[in-house]
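Since this is a predicted model, take the numbers as computed values, not measurements. Letters A, B, ... are given to chains in the order of the sequence lines, protein chains preceding strands, and every chain is numbered from 1.
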Amino acid sequence: MRQSRTGAGDKPAPDHTNLPPHDRDNKEIAELFDEAADLLALHNENPFRIRAYRNAARSLRDLDQPLSSLTSDPTYKLTDIPGIGKDLAGKITEILSTGEFKLLYKLRRQIPTGTRDLLLVPGIGPKKARQLERVLGIHSLEGLRAATEAHQLAGVKGFGAKTEANILTSLTQAEAASGRMLLDEASDLANRLTSYLAPTTGNNKFEVAGSYRRSRETVGDLDLVADCDDAAALMDRLQNFDTAATVLGRGATKMSLRLASGRQVDLRVVPRESFGAALLYFTGSKSHNIELRKMAQNLGLKLNEYGLFEGDIARAGRTEEDVYRTLGLTWIPPELREGHGEIELAATGRLPQLVETQDIRGDLHVHTDATDGRHSMLEMIEAAQRHHYEYLAITDHSQRVTVAKGLDEFQLQEQWSNINKIQGSFPDIRILKGVELDILEDGALDMPKETLKEADWVIAAIHYGLKQSPQVITKRLIKAIQSGLVHAIAHPTGRLIGKRPAYDFEWTEVCKAAVDYGCALEINGQPSRLDLNEQALSRAMNYPVHFVVSSDAHSMNELNFMKFAVYQARRGGLAAPNILNTRDLRLLKSKATTS
DNA sequence: GCCGTTTTCGGCCCGACTGTTTTCAGTCG
């Protein structure tokens, strides 16, 4: 279970927080719109009005520029944002200029604080939440648990014994799953499920769809799509994947399972001629699907998970390619299916040729047991060879990062001299003498310049002073870049997904400096980092800046994290030429190619 | 509340499954 939104139990929340004008960022305003949508739903409002607020919230989250900066431009119209009309534009202006949102405050006064939290429980929607609030006075998750355990729910109109039991299960099991999965966990689970089900799926088509297939940064649950002659047999087998799993639902073609870990798995079985349409549908995203369906409508067709239909006649459905082609589109890679303009690009043949994992020729950010890695340099090199890399940069931490046993200049030089000695034993892979160099709080480098000049590859990063102002961080990054000794900036925003927010800086200035000095920006494949994210990539792509994709491996197995960095690059629309380590070693350093 | 080559009204994506009810509303994806 996610944490209660109020975190205050039954205590009434203040009407509003008095933030000064302009202090609300896009995400906060989007959250206010989502809250308004939830409260309107609890009021049983017009569903299309509710949807308008949700669409607007999504649009605002997708914007890559702060609303406050857009509104300061007199030529900019808020109504140019998709899903924002005259009314919602007025509400955004109200929030930005006065810090208030009168409609929302009115709604908050009408519905007890905490009732909205009930919507977090699977199986409880706006109708049931309102019913519980009105009849039993429940307006918090704690209250819901107490009433459920006291069997007060069964008997309320619309609730029975089963619903009550299901709610109790949801409350308990959802608490076990702490939020969404990071990509490595999702990937492991997807692989285990795929091989476990293989004997039953056999030669039939089977795919893990959903946000996992779109390589989102985090995955909520796994959506499986199968074409199978014997759906019941497949469901039986899935049910036995985890003996402690709970079946949340099972019909003729659809089954939902909650594993003991709290993770949910949904299976959908469709006829072979529908597999492509079903895969498309269950891959999403929701907004991508909605756009496709509207497109189908405009062509006098209907798109659902069984196919693309003209009346009762199926025009496509066996493969995704068929469906897209019949709609007049080229096939769109799942990573781009977010409703961010990819359909228009596909319609006009302008989709980027996305980078592939096999384009990557080397890893430029790995650690060894000399600092905080788990395996020796030799083991890491041998593992990199199994990835058929042409080059590998050993980039252990510099001294400032004491928790990771960072190396001083003498230790680093000793490591490099070792590399010189062993290079002869590895004729197929070039070992680059590298370092992950700390950028100190004042922008100075954590290693003498003379030492750095001997390095083949320097990747610099901020590890301390993450809470400095954007202006100070900007200066630090630019100072490091202008040293001319840094080849790339590692995990450029410092975020840890779900744990630590990104620090902000002046993108324009940093990107310009990066271009001028031939310094690349890293896309880090650690599942908790995936830094840069989609918005950051979209910003950086406005400049002819180069990127590197890295695993930041701290063990042999983590070299596999490279694929997550590639997926992230794909989500940002990057092609191989945007990425330095798709190149031959001689062309690696962007300094050499841009100057 | 948004939107428009069907443009200022009348649409708005579509279907499976559950539980409670007695033919379907609510929820979910």
Integer angstrom distance from the C1' of dG1(B) to that of dT5(B): 23 Å
Interatomic distance, F48(A) CZ vs dC14(B) P [rounded to whole Å]: 11 Å
dG4(B): pairing nucleotide in any strand, Watson-Crick or G-U under 3.5 angstrom: dC9(B)
Under-4.0 Å salt bridge between D87(A) and K91(A): yes
Distance-only donor-acceptor test, N46(A) side-chain atoms vs dG1(B) base atoms, 3.5 Å: yes
Pairwise P distance, dT8(B) and dC14(B) [rounded to whole Å]: 23 Å
Which atom of L60(A) lies closest to which atom of N26(A), heavy atoms considered: O-CB, 3.6 Å
Short N-O contact, R54(A) and D38(A), less than 4.0 angstrom: yes
Earlier contact from the 5' end, DNA chain B, for R268(A) and E164(A): R268(A)
Salt-bridge contact E31(A)-K27(A) (side-chain N to carboxylate O under 4.0 Å): no
Sugar-phosphate, base or nothing in reach of A296(A), heavy atoms under 4.0 Å: nothing
Sugar-phosphate only, base, or nothing, as touched by L303(A) at under 4.0 Å among non-hydrogen atoms: sugar-phosphate
NZ/NE/NH1/NH2 to OD/OE distance under 4.0 Å, E217(A) and R495(A): yes
Spacing of the P atoms in dC12(B) and dC17(B) (rounded, Å): 24 Å
Sugar-phosphate only, base, or nothing, as touched by A41(A) at under 4.0 Å among non-hydrogen atoms: nothing
Nucleotide dC14(B), atom C1' - distance to CE of M295(A) in whole Å: 18 Å
Salt-bridge contact E185(A)-R263(A) (side-chain N to carboxylate O under 4.0 Å): yes
E164(A) side chain to H151(A) side chain, donor-acceptor N/O pair below 3.5 angstrom: yes
Salt-bridge present (E335(A), R213(A); N to O < 4.0 Å): no
Sugar-phosphate only, base, or nothing, as touched by G284(A) at under 4.0 Å among non-hydrogen atoms: nothing
Euclidean distance, atom NZ of residue K157(A) to atom C1' of dT21(B) [Å, nearest integer]: 8 Å
Please tabulate, for side-chain N and O atoms in residues 301-310 of chain A, each donor-acceptor pair with protein atoms closer than 3.5 Å (sequence neighbours left out).
residue	atom	partner	partner atom	Å
N304(A)	OD1	Y306(A)	N	2.8
N304(A)	OD1	G307(A)	N	3.2
E305(A)	OE2	R268(A)	NH1	3.4
E305(A)	OE2	R268(A)	NH2	3.0
Y306(A)	OH	R268(A)	NH2	3.3
E310(A)	OE1	R315(A)	NE	2.7
E310(A)	OE1	R315(A)	NH2	3.1

Distance between C1' atoms of dG11(B) and dT6(B) (Å, rounded): 10 Å
Nucleic acid footprint by protein, nucleotides 3-10 of chain B - heavy-atom cut-off 4.0 Å, B for base, S for sugar-phosphate alone: S-------
Where protein sits on nucleotides 23-29 of chain B, one letter per nucleotide: B base, S sugar-phosphate only, - none, heavy atoms under 4.0 Å: ---SSSB
Sugar-phosphate, base or nothing in reach of S256(A), heavy atoms under 4.0 Å: nothing
